[in-house]
> 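Structure incoming, see below.
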Amino acid sequence: MVGSRILIVGGGIAGLACAWELSHALPDATITLLDAGDRPGGKLRREPLAGVALDVGAESMLARRSEALDLMSELGLDDQVVHPATTSASIWSRGDLHPMPKGTLMGIPSPASSALGILSADEVARAEAETPWDNGDFDDVSVGDYVAARMGDAVVDRLVEPLLGGVYAGRARSLSLRACLPQVFAGARRGESLTNAAAAAAMVATDSLAPVDQARVRPVFAGLEGGVGRLAEVLTDELRSRGVTIRSSTIVRELHREPDTAGGGWSVVVGPQPRPERLPADAVVVAVPAAPASRLLAANLPDAARALREIEYASMAIVTLAVGADGPGTVPLRGSGFLVPAVEGRTIKASTFSSTKWRWTAEAAGDLSFLRASVGRFGETFDLQRPDEELVAIAVAEVSEALGHQLPRIADTHVQRWGGALPQYTVGHVDRVDRIRAATAAAPGLELAGAAYQGVGIPACIASGRSAAQTVVTHLRTLAAGTGG
């Protein structure tokens, strides 16, 4: 095992986390990370706006999963973890901003009356008269179809859809209940009430060791001082200091099995013709989106490649604005932002008020306010083809309309396009991933990681990368034991 060569294809947070795990478990291994981007980090990225480096991709992470917090602790970033100053979001529905109902599970309200305003009185009454699910046992169903059948179309269109759109940029009537809301799926199979499931899931987690009247609320989300993009930057620097080779702007074009190698090794081909470079490896982790992963696996694992091709992706763009007040002070922004249901017919699907959500952003902004607007839902490509200046103009106009006043002077702007950013966990996704895993199990030394499989958030991607690394370690140790190496 001494001198093992490991290649990681993909430099997003899953690939970086995989390299981090491997560098500790196998300190004598030669680890090389190959990334097609201009820098590692994938969707964790910062860019300058009005002189301040801001996140232009992911800007928060789920704090109730430990993987991201654990990794930041290992990197010595504990004292730089921050939590939102406010999580008071709204929904822009029927011409007004309405507070997000408290006690919801991915938009499913509990009680339904808390959504009055977003929903009409008749729509609330329909949701309260929850219809039992009478389709018998089922393997999977879309979130939208299930919730609509039980609580009505309006709950899906005006509550569930914008929440799912924020996570997956997807459509509620295509996304899998089993994959996206596993706790609801399990309850559905037991015949439980949707309202009760939402109420139970929305209960605030507390420190079980503290007295009830002193229970400490655990924040749902976390960020990092200076931006979540710093996690990728710090991790990249630490990996290099540990001897990991990181090659950016490097596209892996082919993946080959090397059956004549002891234990059945691998190789990848990088670089353009006519002088491509072939890199040998004892193990390879493929941590890229489903489409390029499918192309790499097609020759050796056609069943896995076919299943990977079934995973579609949504593209999106994030428009970030630095807004200056006409007079002293900053532009008044209340809450953390708002979501926009697709039925409203707007171009933007959400806006985040960065200067009110994150204290460090407000302090760095000075007399400016920072906010972002996101564009792009699955299947919508026209708006993403607009030039940057049009997307900026649309964002300014629609945010202004939602706030009820024209945004004043725009001091600076940035448009970040994320092509094929978010995998769509459509109906049957869990079974699809099981097929992929079963097919790759026949190829020891090859592992898959990333957002395409069991979670799109930062903690889930970190878990995916570290799990792939652990499997590689087990494989290499088994090989070494068998050969006496």
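When a residue number appears, it is its place in the shown sequence, counting from 1. The figures here come from the full heavy-atom set of this structure, side chains too, leaving out hydrogens, waters and symmetry mates.
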> Between atom OG of S88 and atom CZ of F338, what is the distance when rounded to the nearest 0.5 Å?
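It comes to 13.5 Å.
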> At what distance, to the nearest 0.5 angstrom, does CG of L194 lie from CG of L181?
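Between L194 CG and L181 CG, I get 9.0 Å after rounding to 0.5 Å.
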> Any donor-acceptor pair under 3.5 Å linking the side-chain atoms of W20 with those of E74?
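A pair is found: one side chain offers a donor N or O, the other an acceptor, under 3.5 Å apart.
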> Whether the side chain of S315 engages the backbone of G420 through a donor-acceptor N/O pair (distance < 3.5 Å, no angle test) should be reported.
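Such a contact is found between S315 side chain and G420 backbone.
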> Flag the pair D431 and R178 as a salt bridge only when some basic side-chain nitrogen lies within less than 4.0 angstrom of an acidic carboxylate oxygen.
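A salt bridge is present here (some side-chain N lies under 4.0 Å from a carboxylate O).
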> Between the side chain of H83 and the main-chain N/O of F221, is any donor-acceptor distance below 3.5 Å?
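Yes, H83 side chain to F221 backbone: donor-acceptor pair under 3.5 Å.
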> Could you tell me whether the side chain of M106 reaches within less than 4.5 Å of the side chain of V143, counting heavy atoms only?
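When only atoms from C-beta onward are counted, M106 and V143 do not touch, as no gap falls below 4.5 Å.
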> Are the side chain of S294 and the backbone N or O of A305 linked by a donor-acceptor pair below 3.5 Å?
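Looks like yes, one N/O pair under 3.5 Å.
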> To the nearest 0.5 Å, what is the distance between CG (L177) and CG (D145)?
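Output value for this atom pair is 10.0 Å.
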> Salt bridge between R432 and E312, side-chain N to carboxylate O under 4.0 Å?
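Salt bridge flag = no for E312 with R432.
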> Could you check V288 against R295 for side-chain contact (heavy atoms from CB on, under 4.5 Å), going step by step and ending with a plain yes or no?
CA-CA 11 Å; V288 294; R295 289 192 293 271; over 6 Å; no
> When E380 is tested against each of R171, R346, K349 for salt bridge (Lys or Arg N to Asp or Glu O under 4.0 Å), which residue passes?
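Only match with E380 under salt bridge (Lys or Arg N to Asp or Glu O under 4.0 Å): R171.
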> Below 4.5 Å, heavy atoms only, C-beta onward: do V284 and V286 meet side chain to side chain?
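Yes, at least one pair of side-chain atoms sits under 4.5 Å.
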> So do V141 and W133 actually touch side chain to side chain, heavy atoms under 4.5 Å?
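Side-chain contact under 4.5 Å: yes.
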> If you count heavy atoms of other groups shown closer than 6.0 angstrom to CZ of R417, is the number above 12?
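Check passes, neighbour count above 12.
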> Please confirm whether the backbone N or O of Y168 pairs with a side-chain atom of Q424, one donor and one acceptor, at under 3.5 Å?
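Yes.
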> Output the distance between atom OG1 (T361) and atom CG (L368), rounded to the nearest 0.5 Å.
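Going from the OG1 atom of T361 to the CG atom of L368 covers 12.5 Å.
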> Between S400 and V396, which heavy-atom pair has the shortest distance, and what is it?
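Of all heavy-atom pairs spanning S400 and V396, the closest is OG-O, 2.6 Å.
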> Within this structure, what is the CD1-CD distance for the pair I462 and E21, rounded to the nearest 0.5 Å?
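I462 CD1 to E21 CD: 11.5 Å, rounded to 0.5 Å.
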> Just wondering, do M61 and L44 contact through their side chains at under 4.5 Å, heavy atoms?
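No, too far: nothing below the 4.5 Å cut-off.
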> Give a yes or no answer on whether the side chain of E130 reaches the backbone of T195 with a donor-acceptor pair at less than 3.5 Å.
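The answer is yes, because a donor-acceptor pair under 3.5 Å joins these two groups.
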> State the OG1-CG distance between T347 and L391, to the nearest 0.5 angstrom.
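Rounded to the nearest 0.5 Å, the OG1-CG separation comes to 8.5 Å.
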> Measuring only between side-chain heavy atoms, which start at C-beta, is V473 closer than 4.5 Å to L22?
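Answer yes - side chains close enough.
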> Work out which heavy atom in I348 is nearest to a heavy atom in E398; give both atom names and the distance.
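I348 and E398 have their closest heavy atoms at N-OE1, 3.0 Å.
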> Is a donor on one side and an acceptor on the other found under 3.5 Å between the side chain of D140 and the backbone of S176?
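Checked: no pair found.
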> Report the C-alpha distance between D434 and R437 in whole Å, list the side-chain angles of each, state the deciding distance to 0.1 Å, and finish with yes or no for salt bridge (Lys or Arg N to Asp or Glu O under 4.0 Å).
CA-CA 5 Å; D434 286 346; R437 298 296 189 194; over 6 Å; no
> I'd like to know if the side chain of T426 and the backbone of S174 have a donor-acceptor N/O pair within less than 3.5 Å.
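No; judged by distance alone, with no hydrogens or angles, the pair does not exist.
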> Between A222 and L69, which heavy-atom pair has the shortest distance, and what is it?
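Smallest interatomic distance, heavy atoms only, reads CB-CD2, 4.1 Å.
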> Heavy atoms, side chains only, cut-off 4.5 Å: are T440 and E447 in contact?
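T440 vs E447: side chains apart.
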> Hey, does the side chain of R126 reach the backbone of R150 with a donor-acceptor pair shorter than 3.5 angstrom?
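It does hold such a pair.
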> Test V433 against Y425 for side-chain contact (heavy atoms from CB on, under 4.5 Å), laying out the working first.
CA-CA 10 Å; V433 171; Y425 288 9; over 6 Å; no
> Between R377 (side chain only) and A314 (backbone N and O only), is there a donor and an acceptor less than 3.5 Å apart?
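Here the side-chain-to-backbone pair does not exist.
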> What verdict does the side-chain contact (heavy atoms from CB on, under 4.5 Å) test give for L448 and L297, after you've listed the backbone C-alpha separation in whole Å, the side-chain angles of each residue and the deciding distance to 0.1 Å?
CA-CA 10 Å; L448 303 178; L297 269 59; 4.2 Å; yes
> Return yes if some donor-acceptor pair links the side-chain N/O of R45 with the main-chain N/O of G229 below 3.5 Å, else return no.
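No; zero donor-acceptor contacts below 3.5 Å.
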> Using 4.0 Å as the upper bound for N to carboxylate O, is an ion pair formed by R158 and E123?
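Salt bridge: no.
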> Which pair of non-hydrogen atoms, one from D35 and one from P40, has the smallest distance, and what is that distance?
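Closest approach of D35 to P40, heavy atoms only: OD2-CA, 3.4 Å.
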> Which heavy atom in V160 sits nearest to a heavy atom in A172, and how many Å separate them?
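What the structure gives for the nearest pair is CG1-CB, 4.4 Å.
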> Verify the neighbour count for atom CZ of R334: are there more than 12 heavy atoms of other residues, nucleotides or ligands below 6.0 Å?
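Not more than 12 within 6.0 Å, no.
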> Would you indicate whether the side-chain heavy atoms of Q416 and T320 approach each other to under 4.5 Å?
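Not touching, per the 4.5 Å side-chain cut-off.
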> Ignoring hydrogens, what is the shortest heavy-atom contact between I318 and W418? Give both atom names and the distance.
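That would be CD1-NE1, 4.2 Å.
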> Is the shortest side-chain heavy-atom distance between L71 and R466 below 4.5 Å?
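The answer is yes; the side chains approach within 4.5 Å.
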> Run the numbers on L159 and T104 for side-chain contact (heavy atoms from CB on, under 4.5 Å), then give the verdict.
CA-CA 9 Å; L159 288 164; T104 67; 5.9 Å; no
